[in-house]
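Below is one structure; the comments refer to it alone.
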Protein chains: 2
Amino acid sequence: MVSKKEHQAHSHCPLALGLDIVGDHWTLLIVRDLLFGKHEFKEFLESDEGISSNILSDRLARLQAQTVVQWIHHPQSKKRKLYYLTGKGKELIHVVVPLVRWSLKHRQGEVQIPAQRAAALQQGPEQFIRSTLQALAEWESAHGIDAMGTHTRL
Amino acid sequence: MVSKKEHQAHSHCPLALGLDIVGDHWTLLIVRDLLFGKHEFKEFLESDEGISSNILSDRLARLQAQTVVQWIHHPQSKKRKLYYLTGKGKELIHVVVPLVRWSLKHRQGEVQIPAQRAAALQQGPEQFIRSTLQALAEWESAHGIDAMGTHTRL
DNA sequence: TAACTTTACTTGCATTATGCAAGTATTCTG
DNA sequence: CAGAATACTTGCATAATGCAAGTAAAGTTA
């Protein structure tokens, strides 16, 4: 790992404990990619924000250590890995979506979203969450992953 | 300010734009304090996580620049400032609460909450949000602040 | 009213984390 | 078998953070 993050000042506040895991600039962006259909290292690298490979590697390792992310071998390739969110990871959608909505409301001039996702958001947050999780569940069953936690309510 | 944060890779993703504002280790903890009744510099310093004063000062300045936070003079003192959340800031409760709930579910062994807040959470998230915002609205009207945005739905 | 304390900061310096370019070890592809 | 792709790691410069100390204005106490 690139760092130790020694200074976790060990609060028992649930918010602080959550931020220990997702409270940096990159982690939630990786979770976003995983929620919206990306699964490979190179795909995360290609996202607009331009994460560097050492940071990506580090964050994936941390997310695995926290059982937020796991991976399987690519069915067609020994070298490629397919990362995916655990049930715990998928439940972060309930944090991601409100932050997206907050930005849409308060930074609307600067935001751009793929038309398809904008349309899905029109259906309202609950429906958006449902269909996003449904897509993940289908991917999982197509890859032989035991899809526990599809019906996450948090 | 302590830094310039040059490297904001200017994505147009709403999540990334949101994280530009609240995506560091400290900002949401300050927002939490503001949501739950703290208003002064020293009170933020006293929180369990132990933020240092230079970082606190920097984050408060950024939050003001983003119109998430504002302040008034303490009615009994010329030197003291009372910080408070704008409507935009208060709406971050819809991000904070889900992350709190996520931690309560997934890091339950490590979490401790003041009994009063745990009880309030028992009422369900919507009611918890309502009563938290209600308390802020009362503080605001007690301090002559025009309480726009009490009924935030995001 | 002089001395002490409080508040909201700033400054300086050591330590950590990040960004970037390059390198590496497998694995696949033509 | 030569070259490209994938998932990393390494090294080094730069930026952010932690910590201790300092400061200026205001308030409090003797």
Side-chain angles (χ1 to χ4, degrees), chain A residues 1-11 16 19-30 33-34 38-65 69-84, chain B residues 1-11 16 19-30 33-34 38-65 69-84:
Chain A
M1 278 217 214
V2 80
S3 63
K4 322 111 179 266
K5 209 160 198 171
E6 279 299 342
H7 185 76
Q8 305 204 32
H10 259 72
S11 155
L19 290 172
D20 284 346
I21 298 180
V22 299
D24 78 291
H25 201 70
W26 293 112
T27 300
L28 271 188
L29 295 174
I30 297 168
D33 284 352
L34 287 161
K38 294 190 178 182
H39 295 278
E40 294 190 54
F41 195 90
K42 62 161 182 182
E43 292 180 297
F44 306 138
L45 282 182
E46 285 162 1
S47 287
D48 280 347
E49 292 81 15
I51 191 171
S52 44
S53 60
N54 54 347
I55 302 295
L56 175 56
S57 184
D58 177 68
R59 294 305 186 275
L60 285 171
R62 287 188 197 189
L63 287 170
Q64 289 169 70
V69 163
Q70 294 181 321
W71 61 270
I72 54 172
H73 289 286
H74 190 290
Q76 263 72 61
S77 168
K78 243 170 243 178
K79 75 193 295 201
R80 294 162 78 179
K81 293 179 178 179
L82 296 176
Y83 294 93
Y84 65 95
Chain B
M1 278 218 213
V2 81
S3 63
K4 323 113 177 267
K5 210 159 199 172
E6 279 299 339
H7 185 75
Q8 304 205 30
H10 260 71
S11 154
L19 290 171
D20 283 346
I21 298 180
V22 300
D24 78 290
H25 200 69
W26 292 112
T27 300
L28 271 188
L29 295 173
I30 297 168
D33 283 353
L34 286 162
K38 294 190 178 181
H39 295 279
E40 295 189 53
F41 195 91
K42 62 160 183 183
E43 293 181 295
F44 307 137
L45 283 181
E46 285 162 1
S47 287
D48 281 346
E49 293 81 14
I51 192 172
S52 44
S53 60
N54 54 347
I55 302 296
L56 174 56
S57 184
D58 177 69
R59 293 305 186 275
L60 285 172
R62 287 187 196 191
L63 287 170
Q64 289 170 70
V69 164
Q70 294 181 323
W71 61 270
I72 54 174
H73 289 287
H74 189 291
Q76 262 73 61
S77 168
K78 242 170 248 183
K79 75 193 295 199
R80 294 162 78 178
K81 292 179 178 179
L82 296 176
Y83 294 94
Y84 65 95

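Lettering follows sequence order; numbering is per chain, from 1. All values derive from a computational prediction rather than experimental measurement.
Atom-to-atom, CZ of A/R62 to C1' of C/dT16 comes out at 11 Å; the value is rounded to the nearest Å. In this structure, A/L56 places its CG atom 14 Å from C1' of C/dT18, rounding to the nearest Å. Rounded to whole Å, the distance from CD1 on A/I30 to C1' on C/dT18 is 13 Å. With rounding to whole Å, A/H25 atom NE2 is found 16 Å from D/dT17 atom C1'. In this entry the distance linking NZ of A/K78 with C1' of C/dT29 reads 15 Å, nearest Å. A straight line from CD1 of A/I51 to P of C/dC20 spans 12 Å, rounded to a whole angstrom. In this structure, B/D20 places its CG atom 16 Å from C1' of D/dA16, rounding to the nearest Å. Here D/dG18 presents its C1' atom at 9 Å from CH2 of B/W26, a figure rounded to the nearest Å.
Among residues two or more places apart in sequence or in another chain, the ring pair (Phe, Tyr, Trp, His ring centres under 6.0 Å) test is passed with B/H73 by B/W71. Residues forming a side chain to side chain contact (heavy atoms under 4.5 Å, CB included) with B/S47 (at least two apart in sequence, or on another chain): B/R32, B/D33, B/K38, B/E49. By the side chain to side chain contact (heavy atoms under 4.5 Å, CB included) test, A/K79 pairs with A/S77, sequence neighbours left out. Taking B/Y84 as the reference, B/Q70 meet the side chain to side chain donor-acceptor pair (under 3.5 Å) condition, with sequence neighbours excluded. A/S52 meets the side chain to side chain donor-acceptor pair (under 3.5 Å) test with A/N54; sequence neighbours excluded.
Between A/R59 and C/dT18, a side-chain N or O to OP1/OP2 separation shorter than 4.0 Å is present.
Nearest-nucleotide positions on DNA chain C for A/I55 and A/S77 put A/I55 closer to the 5' end.
Of the possible donor and acceptor atoms, one in the side chain of B/H39 sits under 3.5 Å from a partner among the backbone N and O of B/Y83.
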* Structure fact -> Expected string for nucleotides 3-11 of chain D under the B/S/- scheme (protein heavy atoms, under 4.0 Å, primed atoms plus P, OP1, OP2 as sugar-phosphate) is --BBSBBBB

